[in-house]
Each structure stands twice: as structure tokens, then as C-alpha cells.
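Only one structure is covered here, and it is reproduced in the block below.
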Amino acid sequence: MSTQRSRMDSAAQPLKRAAAAARLGIAVADLPELGAGWTVGEVWRLRRERPDWLIEARRRFPGRGPRGRVRTRADSIGPAGGR
């Protein structure tokens with residue numbers, strides 16, 4: 001029961017927009033305005049429901065998916081052959 005209680009407590013925890021976007025895997029600019037602010041519970045709900053706007057925002061996010069991760073990693077290392 002304590003686990004259930006702690007989850008309920010954390011669901012109401014407020015998040016900054018950047019933290020909410022990071023947890024959803026999207027850019028901050030793609031977050032809609034909620035009026036009341038973002039909470040952990042709201043992020044959990046969106047991850048579970050996967051609305052269309054969230055799916056599209058994830059596709060546009062450059063670091064998302066296997067190709068995005070490889071591209072990001074390659075960009076940080078530099079061109080093949082170095083020097």
C-alpha cells in the first residue's frame with residue numbers, strides 16, 4: 001500500500017516544461033499549454049494514451065529512435081577518419 005501511496009503523491013508533483021518534454025521524448029516547443037502546468041501524472045497519462053500530436057512530435061524530435069541516436073552520436077564524434 002505504501003507503493004500505491006507514493007505513486008499517488010508523485011503524480012501530483014509539478015514538472016518544468018523542459019522536464020515534461022524530456023520525459024515524453026519531444027521538443028519543448030511541441031508541448032501544448034495546459035493552463036495548470038505539467039505534472040508527473042499528466043506525463044504518465046500521455047505516455048499511456050499516446051495522442052496523435054505526441055506521436056508526431058516524437059517523430060520530429062531529432063534524437064528519437066535508433067537512427068536519431070546513431071546520427072546524434074556520429075555528429076558528436078566527428079567525420080570518419082578523424083583528424
Side-chain angles (χ1 to χ4, degrees):
M1 181 138 150
S2 64
T3 305
Q4 179 96 8
R5 183 75 169 143
S6 64
R7 282 187 180 173
M8 290 173 62
D9 292 341
S10 67
Q13 180 182 359
L15 291 173
K16 293 183 179 181
R17 289 178 58 82
R23 289 179 183 215
L24 291 170
I26 64 174
V28 176
D30 289 331
L31 279 176
E33 283 296 327
L34 295 181
W38 286 89
T39 63
V40 172
E42 185 66 25
V43 170
W44 284 345
R45 183 184 66 79
L46 289 171
R47 290 176 72 181
R48 186 175 54 248
E49 294 175 2
R50 291 189 205 119
D52 291 338
W53 67 264
L54 179 58
I55 293 168
E56 286 302 314
R58 284 181 171 169
R59 286 183 182 145
R60 288 190 304 268
F61 194 59
R64 191 73 179 175
R67 289 188 176 155
R69 281 193 297 273
V70 170
R71 183 178 61 245
T72 303
R73 191 177 309 127
D75 290 347
S76 65
I77 294 171
R83 297 184 198 194

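One is the number of the first residue; the rest follow in order along the sequence.
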For R45, all residues meeting salt bridge (charged side-chain N to carboxylate O under 4.0 Å, His left out), sequence neighbours excluded: E42, E49

With P32, which residues qualify under side-chain contact (heavy atoms from CB on, under 4.5 Å), at least two apart? W38, W53

Please identify each residue that fulfils salt bridge (charged side-chain N to carboxylate O under 4.0 Å, His left out) with R60, with sequence neighbours left out. D30

Distance-only donor-acceptor pairs under 3.5 Å for side chains of residues 15-28, two or more places apart:
unit_1, atom_1, unit_2, atom_2, d
R17, NH1, E33, OE2, 3.2
R17, NH2, V28, O, 3.4
R17, NH2, L31, O, 3.2

